[in-house]
Amino acid sequence: MSRLIRCLTVMVFLLGATQACTIPTETNSVVDIPATSPAVATPDLLPAEVPAGEPAGDGLTVSPEPFPSARVPVSAPLAERISAAVATAAAERGADVSIAVLDRATGSYLEDAATEPVETASLAKLFIAAQMYHLDALGERPLSDFDRLLLKRMLESSDDDAANTLWDDLGGSDLVVDVAGRYGLAATTPPWDGLWWNTETTAADLVTFYTGLLDDRDGLGPGRIAEFVGYLRASTPEGIDGYDQRFGIPDGLPGETVVGVKQGWMCCVGDRWIHVSTGLIGEDNRYIVAVASREDIRYEDDEESYPDTAITDVTEDSSAQHARDTMTGFVKSLFPTGVVDDWAQPQG
């Protein structure tokens, strides 16, 4: 029996449906899929042996060298490096990457494909936290010690159980509508199925959200903002489930000593991995960076099974590792010195 038939047989048996849905991989326990949820899509796995530089199915080319690629000119200004890195990620890694970057000190803003929608995965936890602090500031739902414990676990270690509890307590999808309205997130929409990880947003909206938070657009006050940012700065190397959450900004900017991040990851949307890396960089939170990637699922060692993330630990999954490496390599391509520096100057 082929790999595809085996996977489809298992999914039909377990879920009794035929459409594709997204299942978060950021979980410290088996994900409970509602009975009405459609089945997980099974990807067409790429062949194991493909000569470097030749198409590997659907026009995808296997990278002959680790990302970042020499095709990204380190001697060019950041705007040019961004364009080159986006093109190279698509050609060499099978990844569609979107990015938005803001220098709050100068007001300079750069982006590429930043209005392309992407599922938030655990970036939705930012919106859950924003709603909690908003209600606390209004006195409508004062934060308890238990609330702060859940916030800490949710933001620092991406604890899904904490997010599930708070999502339900705060009204679920309605909180996304509320936060999007207050922060001016024009392209951020609630999940179609009521599951927080399927909230949709864009890299541009994520930068807008962080800007609004730091500028206190929501009237939270400096204490609540500092607490919120403090959780992001204390992001743990691994999620609560053991998944490496240093991809993208943390590992891509080793020279930055003050970085607050929220990461997101899940599989599979349209047979692709979703990885999102967002951060506030510098003691004064001068730079805001948001990077999102949809990458084709691949198994170059011809693994015999596809990781159903509802029941499988994917912390060591080779395809997930490839996607994480793409994110980190992308950031390194933009900032080869390991720090965010003067955008108009070469960094090589």
Side-chain angles (χ1 to χ4, degrees), residues 19-27 31-34 36-38 40-41 96 98 100 113-135 150-151 153-155 158-213 217-218 228 231-232 239 243 245 248 261-270 272-279 288 290-294 309-310:
Q19 293 177 300
C21 77
T22 59
I23 305 298
T25 64
E26 300 172 70
T27 177
V31 177
D32 294 323
I33 307 175
T36 56
S37 292
V40 182
D96 294 326
S98 58
T115 59
E116 289 296 316
V118 65
E119 287 76 12
T120 58
S122 273
L123 269 295
K125 293 167 183 172
L126 292 173
F127 305 149
I128 295 173
Q131 187 74 345
M132 291 190 70
Y133 283 115
H134 171 77
L135 295 175
L150 294 179
L151 277 170
R153 290 174 61 87
M154 181 178 72
L155 294 177
S158 212
D159 186 347
D160 287 353
D161 289 341
N164 291 336
T165 298
L166 295 175
W167 176 262
D168 291 339
D169 287 350
L170 297 173
S173 296
D174 289 343
L175 76 85
V176 176
V177 177
D178 291 345
V179 172
R182 293 197 306 273
Y183 283 84
L185 311 181
T188 297
T189 56
W192 61 272
D193 54 1
L195 302 175
W196 50 262
W197 53 85
N198 285 328
T199 298
E200 285 197 355
T201 192
T202 64
D205 267 10
L206 290 169
V207 170
T208 298
F209 170 79
Y210 279 123
T211 302
L213 173 67
R217 177 169 182 162
D218 201 14
F228 197 152
Y231 290 134
L232 303 182
Y243 195 86
Q245 63 170 358
V261 294
K262 186 68 196 84
Q263 310 281 78
W265 61 89
M266 67 179 181
C267 193
C268 301
V269 182
R272 310 187 90 186
W273 276 101
I274 302 293
H275 282 84
V276 188
S277 180
T278 67
I288 303 174
V291 184
S293 172
R294 294 177 180 271
T309 56

K.L.:
Can you confirm whether L166 sits close enough to M132 that some side-chain heavy atom of one is under 4.5 Å from a side-chain heavy atom of the other?
P.N.:
yes
K.L.:
I'd like to know if the side chain of Q245 reaches the main chain of Q263, judged simply by a donor and an acceptor atom lying under 3.5 Å from each other, with no hydrogens or angles considered.
P.N.:
no
K.L.:
Checking L232 against Y210 for the side-chain contact (heavy atoms from CB on, under 4.5 Å) test, could you report, in this order, the C-alpha distance in whole Å, the side-chain angles of both residues, the deciding distance, and whether it holds?
P.N.:
CA-CA 11 Å; L232 303 182; Y210 279 123; 3.9 Å; yes
K.L.:
Any chance you could measure D96, atom CG, to E116, atom CD, to the nearest 0.5 Å?
P.N.:
8.5 Å
K.L.:
Which atom names give the shortest non-hydrogen contact between P190 and V177, and what distance separates them?
P.N.:
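So the two residues come closest at CG-CG2, 3.9 Å.
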K.L.:
Between L170 and L135, does the side-chain contact (heavy atoms from CB on, under 4.5 Å) criterion hold? Intermediate values first, please.
P.N.:
CA-CA 10 Å; L170 297 173; L135 295 175; 3.8 Å; yes
K.L.:
Could you tell me the separation between the CG atom of D159 and the CZ atom of R153, rounded to the nearest 0.5 Å?
P.N.:
4.5 Å
K.L.:
Using a 3.5 Å distance criterion without hydrogens, assess whether the side chain of W167 forms a donor-acceptor pair with backbone atoms of G194.
P.N.:
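Answer holds: yes.
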K.L.:
Do V207 and T211 have side chains that get closer than 4.5 Å, going by heavy atoms?
P.N.:
yes
K.L.:
Who passes side chain to side chain contact (heavy atoms under 4.5 Å, CB included) against S293, sequence neighbours left out?
P.N.:
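For S293, the residues satisfying side chain to side chain contact (heavy atoms under 4.5 Å, CB included) (neighbours in sequence not counted) are A95, V97, E295, M327.
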K.L.:
Apply the test side-chain contact (heavy atoms from CB on, under 4.5 Å) to residues V276 and L206: give CA-CA distance (whole Å), side-chain angles for both, the deciding distance (0.1 Å), then the verdict.
P.N.:
CA-CA 10 Å; V276 188; L206 290 169; 4.1 Å; yes
K.L.:
Could you tell me whether a side-chain N or O of T278 sits under 3.5 Å from a main-chain N or O of K262, the two making a donor and an acceptor?
P.N.:
yes
K.L.:
Less than 4.5 Å apart, any side-chain heavy atom of D218 and any of Y133?
P.N.:
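No; the side chains remain at least 4.5 Å from each other.
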K.L.:
Supply the atom-to-atom distance N164 CG to W197 CH2, rounded to the nearest 0.5 angstrom.
P.N.:
6.0 Å
K.L.:
What is the distance from atom CG of L195 to atom CD of E119, rounded to the nearest 0.5 Å?
P.N.:
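It is 12.0 Å, given to the nearest 0.5 Å.
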K.L.:
Which atom names give the shortest non-hydrogen contact between V176 and P191, and what distance separates them?
P.N.:
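Closest pair (atom of V176, atom of P191, distance): CG2-CD, 4.5 Å.
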K.L.:
Between V118 and A292, which heavy-atom pair has the shortest distance, and what is it?
P.N.:
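Looking at all heavy atoms of both residues, the shortest contact is CG1-CB, 4.0 Å.
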K.L.:
Measuring from S122:OG to I274:CD1, what's the distance to the nearest 0.5 Å?
P.N.:
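Atom-to-atom, S122:OG and I274:CD1 are 12.5 Å apart.
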K.L.:
Treating T199 as the side-chain partner and T120 as the backbone partner, does any N or O pair qualify as donor plus acceptor under 3.5 Å?
P.N.:
no
K.L.:
So, for V179 and F127, which heavy atoms are closest and what is the spacing to 0.1 Å?
P.N.:
CG2-O, 3.6 Å
K.L.:
Compare every heavy atom of A129 with every heavy atom of F228, then report the nearest pair and how far apart it is.
P.N.:
CZ-CB, 3.7 Å
K.L.:
Within the distance-only criterion (no hydrogens, no angle test), does the side chain of R294 pair as donor or acceptor with the backbone N or O of R272 below 3.5 angstrom?
P.N.:
no
K.L.:
Relative to each other, are the rings of F209 and Y183 parallel, tilted or perpendicular (30° and 60° limits)?
P.N.:
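Tilted: the ring planes of F209 and Y183 meet at 30° to 60°.
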K.L.:
Mind listing the closest non-hydrogen atom pair of A100 and A203 along with its distance?
P.N.:
CB-O, 3.7 Å
K.L.:
When rounded to the nearest 0.5 angstrom, what distance separates CG in L213 from CD1 in I288?
P.N.:
8.5 Å
K.L.:
Between K125 (side chain) and S158 (backbone), is there a donor-acceptor pair under 3.5 Å?
P.N.:
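Present.
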